[in-house]
There are 2 protein chains.
Amino acid sequence: MAEPLDIPLRQLEYLVAVADHPTWSSAATSLGVSASALSQGLADLERRLGVQLFDRQGRRRVLTDIADPVLQHARTVQALSHDLGQWAERVNTLKMGSIRIGMLDVGAVLHFPEVLRVFRSDYPEIGFHLTVAPSSELLAGLRRADFDLIVCVRPSEIPPAISATPLLQESLVIVRPPGTESRPASAWGPWVLFPEGSHTRSLIERSLREHGARPQVVAESHQPDVLAQMVSLGLGWAVLPLAQVPEHLDVEIGESIVTRDLVICQREGAPQHPGVEVLIERLRSVTDVG
Amino acid sequence: MAEPLDIPLRQLEYLVAVADHPTWSSAATSLGVSASALSQGLADLERRLGVQLFDRQGRRRVLTDIADPVLQHARTVQALSHDLGQWAERVNTLKMGSIRIGMLDVGAVLHFPEVLRVFRSDYPEIGFHLTVAPSSELLAGLRRADFDLIVCVRPSEIPPAISATPLLQESLVIVRPPGTESRPASAWGPWVLFPEGSHTRSLIERSLREHGARPQVVAESHQPDVLAQMVSLGLGWAVLPLAQVPEHLDVEIGESIVTRDLVICQREGAPQHPGVEVLIERLRSVTDVG
DNA sequence: TGGCTTTGTTAAGTATTTCTTAACTAAAAT
DNA sequence: ATTTTAGTTAAGAAATACTTAACAAAGCCA
């Protein structure tokens, strides 16, 4: 029988801080405590768990592989605490607080601009902050409680304590430089794609490989319009949502080779801003109609 | 900017304890602390959140409605902490620990007895404990970290920090006393059903109402075989999974009027016993085949 | 009504935990 | 070799959380 195992929240914060900072000293100052406190706290955490969380590399300390579940736990608990704090603040000030939304570019400019605009005018007293960024950044931010809600591409692995509900499917088409003819997949490319690490990028690469194309990449950008521009300049081929290829641009549209799912992600098990539910409802109603 | 809001884990434990005990004193003794400590701790919690968590009813104190999100948060964090403790214990003892499974009766005796038996013989070194209980109890237990994994009827509301993945569908048929003829729904019954509060019961009641039957209930039991027995004795009609009506029993089988989903539920965002994943895999493979 | 018990709070002191400062070790940098 | 940087250890100070004890007030039982 392991008794409760009471780990101070503070020590979990320490762990997250050292994971997010290059050095323990900087982590300590970012927390506003002495390096000594940090050291002692983490030593104590290690002792309590009885698991080796840190290795030495020279005089630097790094997290062991086995520490990862603990780090995940720490992040989860920290995000939950943050949400509770927000909830409390909302409840006792009776002000509506604010909600922070993260969206993929297509979400903000293509699918849901009207929803966002109407929501703001319907609930002007709710503070509102929209961040547009790539899916991976959004997910990390959601996990850190930087956002209350995000719309992103469905990740292959959903992070712990995050829920994802489907919103819509997008198909991505091949975009070729002007004057290019259809040809066998082995002669496709070279490519201008989303950057390495982007989730859509890996979807595209997998699909290209399945079609027998060698994905030789000559340029990268997170911005679809930039990619389309490069294609029209003859720099290479792209794979983009059709709606994100500017109409006036001189390019050839090819076949659709990938579909990606846009999803709504939230933190699970946390008290929510009531406005978030309303917004989700509205986002989903858009895709029911379309 | 609300800064971190550091709430001691202990105070969350206090909150859960008073929610689960009739009186604060009994909660205090169950925690092994003085009533004074509990009182001070909860007063401090209330002060920190700035939200009124307790009302007075005579000399008794009761949770306010608004306290519920805090209670949910507390339960979530407590379950996560427990899981971390289990994980740590597994890691440093290198023993496989044990996994605690909860299942609905049909799961344990009808759909998955073979999976459970083979799993035990494949992994004899993993401690194994199976509890058979109604869905609502299983869900509450899962939330309290009494179980690592449960198989139950899909609840209408999934509790916070719990994930549910579908496993199979069961259809429930009307079971009539011997010699009863088919008749209009308004003349159905009276009924012997699962107890009030059971999730399957509410599914059944809803369906009966939709069919135009008045659900007059004359007997209740959690045990399907008991219900079937009562039907054969002419006490009333039942609605049961066909497979749970003993074959030798003298009853009439009617139409299927309800389907219920069996799901696997787990706590989200917690370090897991590796055996749990294996077991889930096997449970799902059974239903793929069947 | 008047005691008596039970429930919960408050006060004061004690114990525990967690911080800070300061002295120290060891790896990198100059 | 000297200095700088990263992290640890030691000792005392500060903050937290607990205990006991005294208290208030609601329910109980004549």
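In what follows, chains carry the letters A, B, and so on, assigned in the order in which the sequence lines appear, proteins first and then strands, with residues in each chain numbered from 1.
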Excluding sequence neighbours, so at least two apart, what forms salt bridge (Lys or Arg N to Asp or Glu O under 4.0 Å) with [X]?
X         : value
Arg48(A)  : Asp44(A)
Arg154(B) : Asp261(B)
Arg100(A) : Asp148(A)

Subject >> Range on DNA chain C touched by chain A, heavy atoms, distance below 4.0 Å >> reply: dT18(C) to dA28(C)

**OP:** Just jot down the side chain to side chain donor-acceptor pair (under 3.5 Å) partners of Glu205(B), sequence neighbours excluded, or say none.
**Re:**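 In terms of side chain to side chain donor-acceptor pair (under 3.5 Å), with neighbours along the sequence ignored, Glu205(B) is linked to Arg201(B).
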
**OP:** For Glu268(B), check side chain to side chain donor-acceptor pair (under 3.5 Å) against everything at least two apart and list the hits.
**Re:**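 Checked Glu268(B) against side chain to side chain donor-acceptor pair (under 3.5 Å); zero matches.
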
Subject >> From CA spacing to verdict: side chain to side chain contact (heavy atoms under 4.5 Å, CB included), Gln40(A), Leu38(A) >> reply: CA-CA 5 Å; Gln40(A) 294 179 80; Leu38(A) 189 87; over 6 Å; no

**OP:** Five pairs at each end of the helix from dT1(C)-dA30(D) to dT30(C)-dA1(D): take the axis at both ends and give me the angle between them to 10°.
**Re:** 20°

Contact check, side chains of [X] and [Y], non-hydrogen atoms, under 4.5 Å:
X         : Y         : value
Pro155(A) : Glu157(A) : no
Arg267(A) : Ile162(A) : yes
Thr131(A) : Met103(A) : no

Original post:
Between Gln40(B) and Pro8(A), which is nearer to the 5' end of DNA chain C once each is assigned its nearest nucleotide?
Top reply: Gln40(B)

Subject >> Bounds of contact between DNA chain D and chain B, in 5' to 3' order, using a heavy-atom cut-off under 4.0 Å >> reply: dA17(D) to dG27(D)

Original post:
Of the options Val18(A), Asp20(A), Leu15(A), which is the one that meets Leu71(A) in a side chain to side chain contact (heavy atoms under 4.5 Å, CB included)?
Top reply: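 When side chain to side chain contact (heavy atoms under 4.5 Å, CB included) is applied between Leu71(A) and each of Val18(A), Asp20(A), Leu15(A), only Leu15(A) qualifies.
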
Original post:
Which ring pair (Phe, Tyr, Trp, His ring centres under 6.0 Å) pairs, counting each pair once, include a residue from residues 14-58 of chain A, with sequence neighbours left out?
Top reply: Trp24(A)-Phe54(A)

**OP:** With a 4.0 Å heavy-atom cut-off, tell me which residues in residues 42-66 of chain B come close to DNA chain D, sorted by residue number.
**Re:** Arg48(B), Gly58(B), Arg59(B)

Original post:
For DNA chain D, which residues in residues 18-28 of chain A have a heavy atom at a distance below 4.0 Å?
Top reply: Thr23(A), Trp24(A), Ser25(A)

Original post:
Is it true that Arg61(B) and Asp55(B) make a salt bridge, defined as a side-chain N closer than 4.0 Å to a carboxylate O?
Top reply: no

**OP:** Could you give me the CA-CA distance, side-chain angles and deciding distance for His273(A) and Ile126(A), then say whether side chain to side chain contact (heavy atoms under 4.5 Å, CB included) is met?
**Re:** CA-CA 10 Å; His273(A) 193 296; Ile126(A) 300 183; 3.8 Å; yes

Original post:
Side chain of Ser34(B), backbone of Ala37(B): donor and acceptor closer than 3.5 Å?
Top reply: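 Yes; at least one donor-acceptor contact below 3.5 Å.
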
Side-chain polar contacts of residues 134-145 of chain B - donor-acceptor pairs under 3.5 angstrom, sequence neighbours left out - could you list them?
from	atom 1	to	atom 2	distance (Å)
Ser135(B)	OG	Val153(B)	N	3.0
Arg143(B)	NE	Gln72(B)	OE1	3.4
Arg143(B)	NH1	Thr76(B)	OG1	3.2
Arg143(B)	NH1	Pro160(B)	O	3.2
Arg143(B)	NH2	Gln72(B)	O	2.7
Arg143(B)	NH2	Gln72(B)	OE1	3.1
Arg143(B)	NH2	Thr76(B)	OG1	2.9
Arg144(B)	NE	Asp146(B)	OD2	3.1
Arg144(B)	NH2	Asp146(B)	OD2	3.1

